[in-house]
Amino acid sequence: MATSVWSSFSEAVIAAFKAQADLTGVRIFDGIEIDLSYPGDAIAVGHDGNLDTDEVYPGTFKQEYKQLGAISKFEDGTLTCFLWSSNGIANITARRERALALLAGAEKAIRADVSLGGVVMYSGIESSQFIYRQTTLGAGVGLIFTITYRAKI
């Protein structure tokens with residue numbers, strides 16, 4: 001029996017994003033691998049959007065025996081993700097719209113199979129937060145978003 005499904009859930013989300021046609025050409029990273037050194041679109045699964053350190057907080061889980069006895073329990077968890085859109089110019093409006101399109105692609109990937117192949121009972125994107133950045137590489141818009149899930153372990 002698994003101690004937690006959090007890692008399996010993270011891997012399933014990465015696979016779902018890579019398979020989503022709307023995210024073709026988007027770099028998908030596992031955690032802190034994200035590289036914003038050149039313009040483009042990226043999603044980092046298990047990343048809190050902190051670009052100033054080499055430490056991020058990828059998510060959480062909690063478990064409880066709830067009317068299931070001592071054999072099984074529920075796990076409720078969160079997976080924090082960070083997406084980024086930059087194209088080397090200073091147009092925040094265009095980057096914001098592209099970031100929202102990327103979020104829509106991520107949501108479409110999750111909604112296609114909310115159990116992610118049976119890894120969890122259900123999951124969904126719950127919240128998001130914008131980040132604007134103006135750099136020598138142009139404007140960038142980021143979205144930190146949280147995917148929540150419930151599993152029975």
S.K.: What is the distance from atom CG of D30 to atom OG of S10, rounded to the nearest 0.5 Å?
M.R.: 5.5 Å
S.K.: What distance separates W6 CH2 from Y149 OH, expressed to the nearest 0.5 Å?
M.R.: 8.0 Å
S.K.: Should V45 and L79 be marked as a side-chain contact (heavy atoms from CB on, under 4.5 Å) after you check the CA-CA gap, both sets of side-chain angles, and the distance that decides it?
M.R.: CA-CA 7 Å; V45 176; L79 177 62; 3.5 Å; yes
S.K.: Is the backbone N or O of Y57 less than 3.5 Å from a side-chain atom of D48, with the two atoms forming a donor-acceptor pair by type?
M.R.: yes
S.K.: Do you see a donor-acceptor pair shorter than 3.5 Å between the side chains of R96 and Y132?
M.R.: yes
S.K.: Under 4.0 Å between a Lys/Arg side-chain N and an Asp/Glu carboxylate O for D41 and R98?
M.R.: yes
S.K.: Taking Q20 for its side chain and A112 for its backbone only, find out whether a donor-acceptor pair lies under 3.5 Å.
M.R.: no
S.K.: What's the shortest heavy-atom distance between A106 and F145, and which atoms?
M.R.: CB-CZ, 4.2 Å
S.K.: When rounded to the nearest 0.5 angstrom, what is the spacing between CD1 in I125 and CD in E107?
M.R.: 5.0 Å
S.K.: Using side-chain contact (heavy atoms from CB on, under 4.5 Å), reason through K73 and E64 one step at a time and then give a plain yes or no.
M.R.: CA-CA 5 Å; K73 54 186 171 178; E64 64 182 305; 5.9 Å; no
S.K.: Spell out, as yes or no, whether a donor-acceptor pair under 3.5 Å connects the side chain of T80 to the backbone of T146.
M.R.: no
S.K.: Heavy-atom distance under 4.5 Å between the side chains of R27 and I43, does that happen here?
M.R.: no
S.K.: Could you check whether any side-chain N or O of W84 sits under 3.5 Å from a backbone N or O of L143, counting only pairs where one atom can act as donor and the other as acceptor?
M.R.: no
S.K.: I need the minimum non-hydrogen distance between R150 and D76, along with the two atoms involved.
M.R.: NE-OD1, 2.7 Å
S.K.: Please round to the nearest 0.5 Å and tell me the distance separating atom NE2 of H47 and atom CG of L83.
M.R.: 12.0 Å
S.K.: For a side-chain contact (heavy atoms from CB on, under 4.5 Å) check, start with the C-alpha distance between F9 and I147, then their side-chain angles and the critical distance, and finish with the verdict.
M.R.: CA-CA 10 Å; F9 179 70; I147 305 170; 3.6 Å; yes
S.K.: Check the pair F74, Q63 against side-chain contact (heavy atoms from CB on, under 4.5 Å), reporting the backbone distance first and the verdict last.
M.R.: CA-CA 6 Å; F74 286 125; Q63 299 172 345; over 6 Å; no
S.K.: Contact between Y122 and I110 at the side-chain level, heavy atoms closer than 4.5 Å - yes or no?
M.R.: no
S.K.: How long is the straight-line distance from CG of L116 back to OG of S123, given to the nearest 0.5 Å?
M.R.: 4.5 Å
S.K.: Please name the pair of heavy atoms, one in L102 and one in S85, separated by the smallest distance, quoted to 0.1 Å.
M.R.: CD1-CB, 4.2 Å
S.K.: Quick one, I14 and I28 - any side-chain contact, counting heavy atoms below 4.5 Å?
M.R.: yes
S.K.: Indicate the atoms forming the closest heavy-atom contact of A99 with V141, along with that distance.
M.R.: CB-CG1, 3.8 Å
S.K.: I need the E126 CD to S128 OG distance, nearest 0.5 Å.
M.R.: 10.5 Å
S.K.: Would you name the heavy atoms of Q134 and A139 that are closest together and state the gap between them?
M.R.: OE1-N, 3.2 Å
S.K.: How close do G140 and S86 get, counting heavy atoms only, and between which atoms?
M.R.: CA-CB, 4.2 Å
S.K.: Keeping the roles fixed (side chain from E75, backbone from K62), state whether a donor-acceptor pair exists under 3.5 Å.
M.R.: no
